[in-house]
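Only heavy atoms go into these numbers, but all of them, side chains included; no hydrogens, no water, no symmetry mates.
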Amino acid sequence: MAKNPQHIVPHPKGWAVKSEGASRASSVHPTQKEAIERGREIARNQSSELFIHGQDGRIRSRDSHGNDPHPPRG
């Protein structure tokens with residue numbers, strides 16, 4: 001299981017980067033692209049996962065930046 005996954009979620013001021021289970025955002029950005037870049041940087045530093053949510057709050061994409069328990073075959 002990845003440590004402290006990061007989530008990119010909608011926020012009243014744009015898009016937020018939140019650690020899983022956190023009540024507050026670690027950062028807020030005007031665009032989703034900027035939030036994804038910051039979230040990806042945090043996920044890489046923590047060897048964790050990044051979950052990108054859509055406007056409806058549903059997960060639309062995810063990236064693993066650590067020890068992926070189910071790496072792709074190939």
Side-chain angles (χ1 to χ4, degrees):
M1 177 66 94
K3 297 181 202 174
N4 206 17
Q6 302 298 309
H7 292 259
I8 307 303
V9 296
H11 186 275
K13 293 182 179 178
W15 292 88
V17 180
K18 288 181 74 173
S19 294
E20 190 165 291
S23 59
R24 295 179 48 189
S26 57
S27 62
V28 177
H29 304 269
T31 67
Q32 188 181 40
K33 181 180 178 184
E34 291 173 353
I36 291 170
E37 289 172 2
R38 179 64 183 139
R40 186 165 284 137
E41 182 181 324
I42 294 169
R44 282 187 182 135
N45 288 340
Q46 296 182 352
S47 298
S48 66
E49 291 192 51
L50 176 68
F51 293 89
I52 301 167
H53 297 251
Q55 280 286 355
D56 60 2
R58 298 176 68 181
I59 295 171
R60 67 178 180 90
S61 177
R62 66 188 288 181
D63 289 337
S64 179
H65 297 282
N67 295 323
D68 189 350
H70 306 288
R73 296 180 185 177

**Request:** Only counting residues at least two apart or in another chain, list the ones meeting side chain to side chain donor-acceptor pair (under 3.5 Å) with R44.
**Result:** none

**Item:** I42-I8 co-clustered via ILVMFWY side chain contacts under 4.5 Å
**Value:** yes

**Prompt:** For R60, what residues pass the salt bridge (Lys or Arg N to Asp or Glu O under 4.0 Å) criterion, not counting sequence neighbours?
**Reply:** none

**Message:** Do I36 and W15 land in one hydrophobic cluster if side-chain heavy atoms of ILVMFWY residues count as linked below 4.5 Å?
**Reply:** yes

**Asked** Do you know which two heavy atoms are closest between Q6 and N4, and how far apart they sit?
**Response** NE2-O, 3.0 Å

**Message:** Within the 4.5 Å heavy-atom criterion, are H65 and S48 side-chain neighbours or not?
**Reply:** no

**Fill in**
d(E49 CD, H7 NE2) to nearest 0.5 Å is 9.0 Å

**Request:** Examine V9 and L50 and state if one hydrophobic cluster contains both, with Ile, Leu, Val, Met, Phe, Trp and Tyr joined whenever side-chain heavy atoms are less than 4.5 Å apart.
**Result:** no

**Message:** Once salt bridge (Lys or Arg N to Asp or Glu O under 4.0 Å) is applied, what residue pairs with a partner in residues 27-39 remain, sequence neighbours excluded?
**Reply:** R38-E41

**Message:** So, taking the atom named CZ in R24 and the one named NZ in K18, what distance separates them when rounded to the nearest 0.5 Å?
**Reply:** 10.5 Å

**Fill in**
For Q55 and P10, the nearest pair of non-hydrogen atoms, with its separation, is O-CG, 3.8 Å

